[in-house]
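Only one structure is covered here, and it is reproduced in the block below.
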Amino acid sequence: MTTRRKLIAGNWKMNGLKADGLALAKGIADKLASASPNCDMLVCPPFTLVAPVAEAVAGSKLAVGGQDCHAKTSGAHTGDTSPAMLADLGCKYAIVGHSERRTDHAETDAVVKAKAAAALSAGLIAIVCIGETLAQRDAGQTIEVNRSQLNGSLPEGADAANTVIAYEPVWAIGTGRVATPAQAQEVHAAIRAELVKLVGAEQAGKMRILYGGSMKPDNAKELLALPDVDGGLIGGAALKVADFWAIAESC
Ligand code: 13P
């Protein structure tokens with residue numbers, strides 16, 4: 001029996017103005033006040049909404065996180081946000097290395113690792129994202145690519161309490177094309193096996209590995225029932241209270 005408590009995390013990406021973001025976060029926090037799905041819940045709003053959302057849900061069971069963070073605490077980095085700033089607003093988590101950041105901002109494994117290390121230093125839990133492209137899957141490189149990204153992106157001192165892995169096959173993100181349960185389980189198990197080498201069997205056994213990529217209410221139950229799937233990192237379906245809640249309830 002696994003002792004890993006599932007994490008249902010919403011990555012809002014670049015979506016939401018103040019009114020709808022606040023309504024979404026409050027809608028979930030309100031539901032958590034009267035019901036307890038079998039998981040932890042987290043929302044990661046765009047940076048503009050982190051402060052108002054964190055204030056609005058303070059004291060609730062809904063955690064708040066950033067979608068990215070800088071590797072430094074402060075300094076001359078125009079437009080960036082440090083993990084200390086996120087922690088200061090009440091964030092508990094920071095996503096690092098999302099494939100959209102790796103692509104849009106040319107973030108390498110080394111950059112992701114530095115960001116994850118900074119997140120840990122600020123007392124945040126880092127959600128380290130990895131995942132193969134369709135071309136890499138078609139070339140039979142899925143396991144190798146994920147192993148390599150994991151090795152390159154995992155910060156020193158990572159353990160089950162301060163780090164979460166998110167496996168997000170790039171071809172499944174925002175496409176409606178979800179990984180089959182067999183595909184997801186195969187990669188999650190390979191990631192856990194690699195984690196055994198990186199952080200030891202005990203921490204690897206406790207560390208949460210989330211699946212991300214077109215997770216919806218109608219496919220969540222099957223994915224979340226897989227032995228090595230410990231939650232979801234959800235984009236589109238995290239933008240509606242009912243859908244996000246339905247996913248949490250399927251844990
Ligand atoms: P979708 O759920 O919209 O496919 O996005 C997944 C994702 O990238 C979460 O980080």
Side-chain angles (χ1 to χ4, degrees), residues 6-16 20-21 24-25 28 39-47 49-50 53 63-69 86 91-105 107 112 115-116 119 124-134 136-137 142 145-146 149-150 153 163-181 183-184 187-188 191 208-224 226 229-251:
K6 287 188 168 44
L7 172 63
I8 296 300
N11 173 9
W12 296 1
K13 309 193 178 184
M14 197 171 70
N15 293 296
D20 32 292
L24 177 55
I28 301 156
C39 60
D40 294 332
M41 292 188 81
L42 163 70
V43 291
C44 299
F47 283 136
L49 296 185
V50 169
V53 163
V64 180
Q67 297 176 12
D68 175 47
C69 66
L86 292 173
C91 284
K92 272 183 75 176
Y93 292 81
I95 298 170
V96 292
H98 191 281
S99 63
E100 287 149 18
R101 300 233 27 117
R102 290 178 186 260
T103 303
D104 295 356
H105 301 273
E107 291 188 4
V112 175
K115 290 182 171 200
L124 297 173
I125 298 170
I127 301 180
V128 179
C129 302
I130 58 175
E132 82 287 356
T133 63
L134 188 57
Q136 289 166 330
R137 176 164 283 270
T142 297
V145 165
N146 280 286
Q149 285 185 10
L150 184 65
S153 308
T163 303
V164 174
I165 308 299
Y167 167 56
E168 298 207 310
V170 177
W171 48 270
I173 296 176
T175 59
R177 188 179 156 189
V178 66
T180 64
Q183 287 173 326
V187 182
H188 280 240
I191 291 170
R208 294 187 282 192
I209 307 174
L210 313 184
Y211 169 81
S214 296
M215 189 182 270
K216 311 278 178 210
D218 64 358
N219 60 31
K221 198 173 181 132
E222 203 176 21
L223 289 162
L224 293 167
L226 296 167
V229 174
D230 309 313
L233 184 54
I234 298 134
L239 297 175
K240 286 194 185 133
V241 175
D243 286 355
F244 194 53
W245 187 254
I247 292 174
E249 282 198 313
S250 57
C251 283

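Remember, it's 1-based here, ligands and their atoms both numbered in the order they're listed. We're numbering straight along the sequence, starting at 1.
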Pairwise distance CD1(Ile234) to CD1(Ile8) - rounded to 0.5 angstrom: 4.5 Å
Heavy atoms of other groups near Lys216 NZ, more than 12 under 6.0 Å: yes
Arg101/Asp68 ion pair, N-O < 4.0 Å: yes
Heteroatom distance test (Gly212, ligand 1): nitrogen or oxygen, under 3.5 angstrom: no
Thr103 and Glu100 side chains, donor-acceptor separation under 3.5 Å: no
Tyr167 side chain to Glu132 side chain, donor-acceptor N/O pair below 3.5 angstrom: yes
N or O contact, His98 vs ligand 1, cut-off under 3.5 Å: yes
Arg208 CZ to Thr163 OG1 distance, which is reported to the nearest 0.5 Å: 11.0 Å
Selection residues 235-251 - residue pairs positive for side chain to side chain donor-acceptor pair (under 3.5 Å), sequence neighbours left out: Trp245-Glu249
Check: His98/Glu168 side-chain N/O donor and acceptor closer than 3.5 Å: yes
Sub-4.0 Å atoms of ligand 1 with respect to non-hydrogen atoms of Gly213: 4 (O), 6 (C)
Check: Ile173 N/O within less than 3.5 Å of ligand 1 N/O: no
Closest protein heavy atom (residue, atom, distance) for atom 5 (O) of ligand 1: Lys13 NZ, 3.3 Å
Check: Lys216 N/O within less than 3.5 Å of ligand 1 N/O: no
Nearest-contact summary for atom 2 (O) of ligand 1 - protein heavy atom, Å: Gly235 N, 2.9 Å
Location of contacts on Asn11 toward ligand 1, heavy atoms closer than 4.0 Å: side chain
Ala237 heavy atom under 4.0 Å from ligand 1: no
Per-atom contacts, ligand 1 versus Ala172 - under 4.0 Å to a heavy atom: 4 (O)
Where ligand 1 meets Glu168 - atom numbers and elements under 4.0 angstrom, heavy-atom basis: 6 (C), 7 (C), 8 (O), 9 (C), 10 (O)
Numbered atoms and elements of ligand 1 in range of Gly236, under 4.0 angstrom, heavy atoms: 1 (P), 2 (O), 3 (O)
